[in-house]
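So the structure is just underneath, and the comments pick up after that.
It should be emphasised that the depicted structure is a prediction, and the values quoted were computed from it without experimental measurement.
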Protein chains: 2
Amino acid sequence: MKQQKQRETHVGERAQYEELTRQLSAVGAVRRQLDRNLPGGCSSGTAVVLALLDRDGDLRIGRLAELLGVDMSVTSRHVAHLAERGWIDRSPDPADRRSRILRLTPEGRDRLAELSDRAAELLAVRLSDWSDEDIHRLTSLLSRLRASFDDTPTRIPAVTC
Amino acid sequence: MKQQKQRETHVGERAQYEELTRQLSAVGAVRRQLDRNLPGGCSSGTAVVLALLDRDGDLRIGRLAELLGVDMSVTSRHVAHLAERGWIDRSPDPADRRSRILRLTPEGRDRLAELSDRAAELLAVRLSDWSDEDIHRLTSLLSRLRASFDDTPTRIPAVTC
DNA sequence: TATTGTTATACTCTATAACTATA
DNA sequence: TATAGTTATAGAGTATAACAATA
């Protein structure tokens with residue numbers, strides 16, 4: 001007879017979560033394959049920053065970091081990288097001189113179009129047997145997943161280590 | 001009148017793919033949050049390796065690398081890490097002395113249970129308002145996405161750079 | 001000669017902490 | 001004193017290439 005701690009989660013739930021965790025980790029391989037298909041010096045991260053600026057208009061670093069789900073320091077470096085290449089513009093924020101306003105340059109817009117095209121070409125090949133509905137469903141569920149993880153980072157207190 | 005290359009993908013498709021790319025990138029933030037909830041020295045990568053060995057039984061490094069979607073050299077290092085901690089066992093493969101057979105140890109099984117529990121606890125909180133059906137749907141779609149990217153790595157020849 | 005796995009090296013992405021400038 | 005952003009540093013994850021042992 002095995003001593004076993006009683007958990008709140010059922011066995012079936014745990015198996016389901018285990019599988020989800022595995023699939024979430026595997027997404028990295030997909031992302032890397034998309035990255036390898038982009039022209040030099042560009043990752044999907046680059047494309048996402050440009051796409052967010054294209055979609056949401058002017059942003060500050062802090063807000064962009066929130067949207068990306070990474071630390072502000074990381075965002076700052078990425079942004080510097082893109083600014084050096086002339087793809088985004090950092091103008092002083094008149095309302096708060098600690099901040100700068102990020103804006104896509106025309107060159108940045110061109111670059112975004114190019115990166116989007118390249119990603120779309122690969123996705124069109126890979127997802128050729130996917131219905132529009134399934135692609136949309138996956139996108140929506142990922143968006144919802146992200147929202148579920150968005151607010152105050154839940155850190156469950158450690159019991160063992 | 002702007003000179004513009006005619007692409008095979010329509011505008012609507014490109015927007016859809018752009019959004020999917022963004023959501024796939026954002027998965028990293030979710031995975032990192034799961035990682036932060038695991039005990040020291042463990043990442044979701046650790047848990048996934050253990051889970052694969054638990055699910056599929058004995059594996060060789062090459063096969064494990066395939067399942068993980070990463071290079072064999074990377075897998076080799078991860079496996080060495082886990083073997084040092086006594087969570088997996090590497091016994092010589094009698095059929096091919098270049099290979100070793102990876103097997104979960106009892107300690108590894110305990111560790112996996114612990115990591116699974118920790119991940120499940122966080123997921124249970126974060127996905128408390130998700131239906132089982134939606135969780136399953138997301139898992140299935142991610143699994144299918146991975147399968148779509150699994151075979152021969154499609155590298156579309158670069159046109160500009 | 002080809003294949004399996006390991007190791008050395010370099011690169012990217014990330015977080016933490018120290019720091020500057022401004023609120 | 002608190003906040004927005006930058007930079008320095010360190011750690012994890014990955015790929016490429018060179019290598020060893022075996023097929």
Side-chain angles (χ1 to χ4, degrees), chain A residues 24-49 58-85 88 90-102 153 155, chain B residues 24-49 58-85 88 90-102 153 155:
Chain A
L24 289 175
S25 288
V27 165
V30 172
R31 195 184 39 68
R32 284 192 297 279
Q33 203 165 321
L34 285 168
D35 281 359
R36 277 194 291 273
N37 199 48
L38 296 179
C42 290
S43 64
S44 54
T46 303
V48 168
V49 169
D58 303 349
L59 292 173
R60 295 185 307 165
I61 292 271
R63 176 61 184 147
L64 184 57
E66 273 179 32
L67 294 173
L68 292 171
V70 298
D71 193 84
M72 201 193 297
S73 65
V74 176
T75 309
S76 178
R77 279 192 33 181
H78 286 175
V79 160
H81 182 86
L82 300 182
E84 281 167 17
R85 278 153 186 78
I88 66 178
R90 292 183 283 192
S91 58
D93 183 343
D96 184 342
R97 279 181 300 173
R98 293 172 303 182
S99 296
R100 291 197 276 185
I101 303 218
L102 308 178
R155 180 87 64 103
Chain B
L24 288 175
S25 288
V27 165
V30 172
R31 195 186 40 70
R32 283 193 297 280
Q33 203 166 322
L34 285 168
D35 281 358
R36 277 195 291 272
N37 200 49
L38 295 180
C42 291
S43 63
S44 54
T46 302
V48 168
V49 169
D58 302 350
L59 291 173
R60 294 185 308 166
I61 292 273
R63 176 61 184 147
L64 184 57
E66 273 180 32
L67 293 173
L68 292 170
V70 299
D71 193 86
M72 201 194 296
S73 65
V74 175
T75 309
S76 178
R77 280 190 32 182
H78 286 175
V79 161
H81 182 85
L82 299 182
E84 281 168 17
R85 279 156 185 75
I88 66 179
R90 293 182 284 191
S91 57
D93 184 344
D96 183 342
R97 278 183 301 174
R98 293 172 301 182
S99 295
R100 291 195 277 185
I101 304 223
L102 307 178
R155 177 88 63 104

Check your understanding: Can you pull the salt bridge (Lys or Arg N to Asp or Glu O under 4.0 Å) pairs that have at least one residue in residues 74-83 of chain B, sequence neighbours excluded?
Key ->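 Applying salt bridge (Lys or Arg N to Asp or Glu O under 4.0 Å) to every pair that reaches into residues 74-83 of chain B, excluding sequence neighbours, yields nothing.
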
Exercise for review: Starting at atom CZ of B/R31, determine the distance to atom C1' of D/dT14, rounded to an integer number of angstrom.
Suggested key: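 Checked: the CZ to C1' distance equals 12 Å.
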
So, using side-chain contact (heavy atoms from CB on, under 4.5 Å) as the criterion, who are the partners of [X] when residues are at least two apart?
| X | value |
| --- | --- |
| A/V27 | B/L24, B/V27, B/L142 |
| A/D58 | A/I101, A/R103 |
| B/S76 | none |

Partners passing side-chain hydrogen bond (donor to acceptor under 3.5 Å, both in side chains) against [X] (at least two apart in sequence or in another chain):
| X | value |
| --- | --- |
| A/R31 | A/D35 |
| B/R85 | B/H81 |
| B/R90 | none |

Exercise for review: Encode nucleotides 17-23 of chain D as B, S and - characters from 5' to 3', where the letter depends on protein heavy atoms closer than 4.0 Å: B to the base, S only to sugar-phosphate, - to neither.
Suggested key: B---BBS

Study note, to complete from the structure: Residues at least two apart in sequence or cross-chain that pass salt bridge (Lys or Arg N to Asp or Glu O under 4.0 Å) with B/D71, listed by chain then number, are none

**Study point:** Contacts of A/D93 that satisfy salt bridge (Lys or Arg N to Asp or Glu O under 4.0 Å) - sequence neighbours left out
**Key:** none

Point to revise | Near-strand residues of residues 42-49 of chain B, defined as heavy-atom separation under 4.0 angstrom from DNA chain D | key: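 DNA chain D contact set from residues 42-49 of chain B: B/S43.
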
Study note, to complete from the structure: Ordered by number, residues from residues 58-68 of chain B within less than 4.0 Å of DNA chain D (heavy atoms) are none

Check your understanding: Would you say a side-chain N or O of B/H81 is under 4.0 Å from OP1 or OP2 of D/dG13?
Key ->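 So the side-chain polar atoms of B/H81 never come under 4.0 Å of the phosphate oxygens OP1 or OP2 of D/dG13.
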
Check your understanding: Which listed nucleotide (D/dT6, D/dG13, C/dT6) is nearest to the side chain of A/R100?
Key -> D/dT6

